[in-house]
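Each ligand, and each atom within it, is numbered from 1 in the order the structure gives. Values below: all heavy atoms of this structure, side chains included; hydrogens, waters and symmetry mates excluded.
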Amino acid sequence: MLIKRPDDIRSSEITDEAAYLDRRRFLGTAAAAGATLLASAAVPGLLAACDTSAEEARPAGTQEDELTPYDDVTSYNNFYEFGTGKDDPVRQAHTLRTRPWTVVVEGEVHRPQTFDVDDLRRRFPAEERVYRLRCVEAWSMVIPWLGFPLKDLLSAVEPTSQAKYVAFTTLYDPQQMPGQRRSVLPWPYVEGLRLDEAMHPLALLAVGLYGKELPNQNGAPMRLVVPWKYGFKSIKSIVRIRLTREQPPTTWNVSAPHEYGFYANVNPAVDHPRWSQKRERRLGDLFKRPTLPFNGYGEQVAQLYAGMDLARYF
Ligand SMILES: Nc1nc2c(c(=O)[nH]1)N[C@H]1C(S)=C(S)[C@@H](COP(=O)(O)O)O[C@H]1N2
Ligand SMILES: [Mo]
């Protein structure tokens with residue numbers, strides 16, 4: 001039998017967070033600008049323009065985007081189904097059973113289907129996407145997600161010509177989700193996108209982060225990530241996706257319509273009624289930094305909103 005001495009173990013076999021972070025740091029500006037680079041890689045035609053210079057790919061005026069440590073990403077969460085405190089989800093979300101798990105995709109589609117989440121993962125292999133996440137509460141993180149483009153799933157069910165919006169629903173089960181026993185929000189949590197937003201290559205269905213399974217507190221087994229919108233659009237633990245003709249209701253808009261709109265694009269020019277959105281605190285930083293329009297993804301997504309008054313459609 002061969003027994004490995006420590007100096008026989010190649011660094012590539014060490015897969016803890018520190019090594020992961022070191023590797024990412026070593027990748028340097030490529031990882032730092034990863035959000036932009038990877039995003040661009042998903043947009044045909046933009047890759048060539050961006051892979052020559054990570055410096056140019058980074059949105060003007062931003063500091064380097066270092067990954068937020070795994071422990072922070074997985075212990076400072078908003079997931080009101082498990083309580084309203086930032087550390088409630090990490091303490092409580094173990095009661096969520098994520099297998100078996102099915103996702104119904106229905107409505108204005110030619111091929112409505114119920115998918116087992118593991119079948120989905122085999123059918124749409126996960127890729128890594130480093131995205132900034134900007135919460136409407138004015139804090140932000142940088143997260144290396146694993147997931148697949150939402151558009152791949154939507155294309156598979158073949159939207160009809162009547163489909164204009166996509167509605168998402170989180171699991172409703174007060175047994176597994178103790179926060180749902182209190183009416184802090186109308187349950188289940190629901191969200192929505194316009195179909196063209198949902199078909200944008202940056203819109204991701206995430207099934208993991210930091211190269212691992214998605215922790216329950218981050219929305220296992222599958223959650224939406226829409227990096228140019230405030231975090232509340234990125235609905236967790238999805239059980240239903242319905243294509244619709246009309247704009248669907250969304251949880252935060254229903255509970256406080258003057259504070260949270262349907263679009264919720266990150267916008268430093270439109271303040272929340274109770275606080276400024278001009279700046280944000282990146283988790284771990286002492287000082288705030290400027291908030292970027294569309295969270296820094298304007299080059300990729302601004303054309304979705306051409307001609308719209310973003311102060312009115314906030
Ligand atoms: N079902 C559900 N999805 C949700 C939430 C929630 O309370 N319930 N919170 C949202 C908010 S406000 C944010 S900022 C992000 C946080 O994601 P994270 O905890 O993975 O960072 O999840 C969003 N998705
Ligand atoms: Mo949020």
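- Looking from atom 6 (C) of ligand 1 to the surrounding protein, the closest heavy atom is Tyr189 CE1, 3.4 Å.
- Side-chain contact, Asn78 with Lys86: a donor N or O sits under 3.5 Å from an acceptor N or O.
- For atom 3 (N) of ligand 1, the nearest non-hydrogen atom from the set Arg134, Met177, Lys236 belongs to Lys236.
- For ligand 1, one of its N or O atoms has an N or O atom of Glu81 under 3.5 Å away.
- Here CZ of Arg289 is found 6.5 Å from CD of Glu280. Values are rounded to the nearest 0.5 Å.
- A cation-pi arrangement is absent between Lys236 and Phe82 under the rule of less than 6.0 angstrom and at most 45 degrees off the ring axis.
- Between Arg282 and Asp65 there is a salt bridge, with a side-chain nitrogen of the basic residue lying less than 4.0 Å from a carboxylate oxygen of the acidic one.
- Looking only at protein heavy atoms, the nearest one to atom 21 (O) of ligand 1 is Leu133 CD2, 3.3 Å.
- Assignment of Ser234 to the shell around ligand 1 is supported, since a heavy atom sits closer than 4.0 Å.
- Residue contact annotation: Glu191 has no non-hydrogen atom under 4.0 Å from ligand 1.
- Between Trp252 and Tyr230, the gap from one ring centroid to the other reaches at least 6.0 Å.
- The ligand atoms of ligand 1 that sit less than 4.0 angstrom from a heavy atom of Asn218 are 18 (P), 20 (O).
- When only interatomic distances are considered, the shortest N/O to N/O separation between Trp252 and ligand 1 does not fall below 3.5 Å.
- The closest protein non-hydrogen atom to atom 7 (O) of ligand 1 is Tyr80 N, 2.8 Å.
- Atom numbering of ligand 1 starts at 1 in the shown order; those under 4.0 Å from a heavy atom of Phe79 are 1 (N), 2 (C), 6 (C), 7 (O), 8 (N).
- Side-chain contact check for Gln277 and Thr291: no donor-acceptor pair (N or O, by modelled atom type) lies under 3.5 Å.
- Counting only non-hydrogen atoms, the option in Phe232, Trp145, Trp139 that gets closest to atom 10 (C) of ligand 1 is Phe232.
- Residue Thr170 places at least one N or O, backbone or side chain, under 3.5 Å from an N or O of ligand 1.
- For atom 23 (C) of ligand 1, the nearest non-hydrogen atom of the protein is Gly231 O, 3.3 Å.
- Taken to the nearest 0.5 Å, the CZ atom of Arg281 stands 11.5 Å off from the SG atom of Cys135.
- Every atom of ligand 1 is numbered from 1 in the order shown, and the set under 4.0 Å from a heavy atom of Cys135 is 14 (S).
- A donor-acceptor contact under 3.5 angstrom links the side chains of Tyr305 and Glu197, judged on distance only.
- Of all protein heavy atoms, the one lying nearest to atom 5 (C) of ligand 1 is Asn78 O, 3.6 Å.
- Remark: minimum distance from atom 17 (O) of ligand 1 to any protein heavy atom is reached at Arg223 NH2, 3.1 Å.
- Applying the 6.0 Å contact sphere to CZ of Arg182 captures no more than 12 heavy atoms from other residues, nucleotides or ligands.
- Between Arg121 and Glu213 a salt bridge is recorded (basic side-chain N to carboxylate O distance below 4.0 Å).
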